[in-house]
Amino acid sequence: MRLRRPFHRAVAAVCCLALLGAGCAADTPQNTLDPEGPFSRSVDNLIQPVFWIAAAVFVFVEGLIVFAVFKFRRRSEDDRPEQIHGSTKFELAWTVVPALILVVVGVLTISKIFYLDRQFSDAMQVEVIGHQWWWEYNYKDAKGETVVAAANELHIPVGRKVQLNLTSADVIHNYWPPKLAGKVYAIPGRRNHMTIQADKADFYYGECAEYCGLSHANMRLRVVAEEPAVFERWMEANSPDKPATSFPIVASADQATASEEAKGHTLFLQKGCSGCHAVNGVARGAVGPNLTYFNSRATFAGAIFENDNDNLRAWLRDPPAEKPGSLMPKLNLAEGEITSLIAYLRTLGDPALRGAPLPAGLAAGPPQP
Ligand code: CUA
């Protein structure tokens with residue numbers, strides 16, 4: 001067995017190096033060390049000096065240990081170190097110097113905490129509500145009224161401060177878009193806040209960072225930062241007052257001649273979808289995401305699936321199979337019914353508003369047969 005130990009150690013070392021290497025990849029979408037906004041950069045500006053102070057302390061202390069190991073090692077059987085007791089000089093040094101270092105780190109950290117806790121009067125206000133397992137966004141006007149209701153994808157204008165006011169509808173969640181900000185808890189009955197701001201138009205990825213049940217790992221989020229003019233268009237197009245396209249209710253005698261969209265709309269009302277989902281002018285369900293502008297979103301179901309017809313079909317067939325624990329039950333829909341529902345969902349919102357730059361493969365195609 002003894003022979004194999006160095007081999008085990010080598011394997012362990014290689015694994016650690018591989019892990020370290022994976023963590024160092026610079027161009028990853030959730031790299032917290034690659035800030036792309038002033039608030040995340042301000043956190044980075046704290047991490048950098050604290051890391052280098054810690055690194056210097058590490059090298060100094062480990063260096064002294066290595067030095068002592070070689071310099072004062074036992075050279076013969078009767079070798080004994082010189083016996084000493086106490087040194088005021090050294091004891092003062094190793095008490096005062098670390099205390100001073102900690103004071104510097106503490107002052108930097110506390111001033112940063114106060115800075116990040118500030119609420120800016122010119123910030124756009126968005127209420128963020130965590131749900132098992134998706135995010136609800138309510139954009140507020142100056143009077144605190146909701147002007148736009150969205151889900152999973154947070155659209156923000158580039159270069160503008162956006163204050164997120166976080167709470168939860170069920171259990172504790174944690175909102176974390178690593179390139180834009182640190183983590184803030186979404187707690188039932190409490191209102192926490194964080195301010196974010198993006199440097200450039202881009203998709204920013206994030207995820208729920210607190211274990212919140214079966215599909216915690218499937219609770220992702222995207223922040224879509226866009227030029228102010230594009231954002232204004234998105235806000236206008238997502239008005240809560242505009243009713244969705246209306247379709248006539250399809251009676252069973254008219255199934256053969258009715259359009260897929262109209263059949264889907266009828267199924268939406270008959271199969272219970274409307275009990276949980278809101279669609280302006282059609283349904284007021286408040287359990288699941290508001291679907292009035294569903295087709296304006298690039299992703300769905302906690303931002304884990306690209307909003308294309310294949311994913312939507314798999315989802316409508318059996319939601320809990322796609323996202324374990326999903327509150328949306330399996331509805332035992334026939335394939336033809338799913339085709340109709342997809343056609344109807346494609347009338348809700350405008351795919352051109354999914355956000356620039358649009359990742360490849362996200363454009364909506366015609367419903368699958
Ligand atoms: Cu929500 Cu983890």
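When a ligand or atom number is given, it counts from 1 through the structure's own listing order. Computed from a prediction, not measured in an experiment: that's the story for all the values here.
- If you look at Trp234 and Tyr139, their ring centroids are closer than 6.0 Å.
- Relative to the six-membered ring of Tyr205, Arg222 misses at least one condition, a distance below 6.0 Å or an angle of at most 45° to the axis.
- Taking NZ of Lys323 as the start and CD of Gln132 as the end, the distance is 10.0 Å to the nearest 0.5 Å.
- A cation-pi contact links Lys161 to Phe120, judged by a cut-off of 6.0 Å to the six-membered ring centre and 45° from its axis.
- Residues His265 and Val282 share a closest heavy-atom pair of NE2-CG1, 3.9 Å.
- Relative orientation of the Phe268 and Tyr344 rings is tilted, given thresholds of 30° and 60° on the angle between their planes.
- Closer than 2.8 Å to atom 1 (Cu) of ligand 1 sit the protein N, O or S atoms His173 ND1, Cys208 SG, Cys212 SG, Met219 SD.
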